[in-house]
S.K.: 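Right, I'll just put the structure down here and ask away after.
First listed ligand is number 1; within each ligand, the first listed atom is number 1. From a predicted model like this one, the values you see are computed outputs, not experimental measurements.
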Amino acid sequence: MVPPSAVADPTAASLGSSDAPAIKEPVKDTILTPRFYTTDFDAMAAMDLRPNEVELEAICEEFRKDYNRHHFVRNEAFEGAADKLDPETRRVFIEFLEQSCTSEFSGFLLYKELSRRIKDRNPLLAECFAHMARDEARHAGFLNKSMADFGLQLDLGFLTANKAYTFFKPKFIFYATYLSEKIGYWRYIAIFRHLEQHPESKIFPIFNFFENWCQDENRHGDFFDALMKAQPDTVRGLQARLWCRFFLLAVFATMYVRDVARKEFYEALGLDARSYDRYVIAKTNETSARVFPVVLNVDHPKFYVRLERLVRNNNALAEADASSAPAPLKLLRKLPFWAANATEMAKLFLMAPIRSDRFQPAVR
Ligand SMILES: [Fe+2]
Ligand SMILES: [Fe+2]
């Protein structure tokens, strides 16, 4: 697999700060860390947009306006802000910055490469991807500057060259990125609104930027919504229903397990990780009903019971990992929890979904 060539990209180079803070070694890859994607560029280039060209053109026009051109400018509020955090909050906050920066950067790489590879054959699509790459570069760069406030920096060039790239067919890229954009929107806006009500919990000035920031993610999500409607087979028929269920579940379960595992970060903001995730899941599920043919029944009493079992299994896996037992014994200890996770995921997947045309969220 050819990794995207963004290392040589000037935007990527400018993502770092000019100071020279310590380079933060990327966290070990697990199922819970953000992924880097690549896809079938020829299939993307050959995509016929005519079924929804008017909407895509309108979205591209919005992108051209570049509403957040002047938004991501650091101000005096950042000065000395990093020194005010106690060591534990500092640790979880840096983790949050790193994960967010990696996932924003992963979006940048994918969109940039897509735009570059299809430029001559599918100009409208290429232009949309270029605008989104611009936004994600800004987001990643802004997060990386906050890391520099803590004397750390992610080496994005190293990440580009050394991360494993997951290959997804275009329609899977659509499901995965649509969900990650919409979930990103709900995550950022939920934190922003909470901190608006509880300014005493605003541990770092970066949260002041979340309101306009999440509008970028919302527009990116709308772009993928329109793109799926231009390729109606991606959201029509039995296969599409099964895949949409799978992606909704994979994204929700991963987020839930990850956020509960770092609940201290949410506590530092005065949030309960579980309630926060329930809110974000409910809203993202509701939003997805606008384009996916089915969504999950997240109000089913068993839904969170099963997610909690995943959390427990994951804790047990982490404990086994941390033990000093020899590798084969560790593996033996972990096997039953992997099996239990697979069973829970299968049960969750088999729960009856809700047809989107019949989906009636309690609050619109
Ligand atoms: Fe972003
Ligand atoms: Fe985005």
S.K.: Looking at H220, which of its N, O or S atoms is the nearest one to the Fe ion (ligand 2)?
M.R.: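 Looking at H220, the N, O or S atom with the least distance to the Fe ion (ligand 2) is ND1.
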S.K.: Looking at F96 versus F204, is the centre-to-centre ring distance below 6.0 Å?
M.R.: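 Not under 6.0 Å, so no.
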S.K.: Looking at the rings of Y304 and Y256, which for Trp means the six-membered one, are their centres under 6.0 Å apart?
M.R.: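 Yes; Y256 has its ring centre under 6.0 Å from that of Y304.
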S.K.: N285 side chain to L296 main-chain N or O, any donor-acceptor pair under 3.5 Å?
M.R.: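 Indeed, once roles are kept as given, a pair shorter than 3.5 Å links the two residues.
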S.K.: Closest N/O/S atom of H139 to the Fe ion (ligand 1), by atom name?
M.R.: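 Atom name of the closest N, O or S in H139: ND1.
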S.K.: Any N/O/S atom of E136 sitting less than 2.8 Å from the Fe ion (ligand 2), backbone or side chain?
M.R.: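 Yes, within the cut-off.
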S.K.: Are the side chain of T234 and the backbone N or O of K171 linked by a donor-acceptor pair below 3.5 Å?
M.R.: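 It does not hold such a pair.
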S.K.: Give a rough value, rounded to 10 degrees, for the angle at the Fe ion (ligand 2) between atoms OE1 of E217 and OE1 of E181.
M.R.: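 It is 90°, given to the nearest 10°.
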S.K.: E104: which N/O/S atom is nearest the Fe ion (ligand 1)?
M.R.: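 Among the N, O or S atoms of E104, the one closest to the Fe ion (ligand 1) is OE1.
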S.K.: Could you tell me whether the side chain of Q231 and the main chain of D48 form a donor-acceptor pair under 3.5 Å?
M.R.: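 Yes, because the side chain of Q231 sits within donor-acceptor range (under 3.5 Å) of the backbone of D48.
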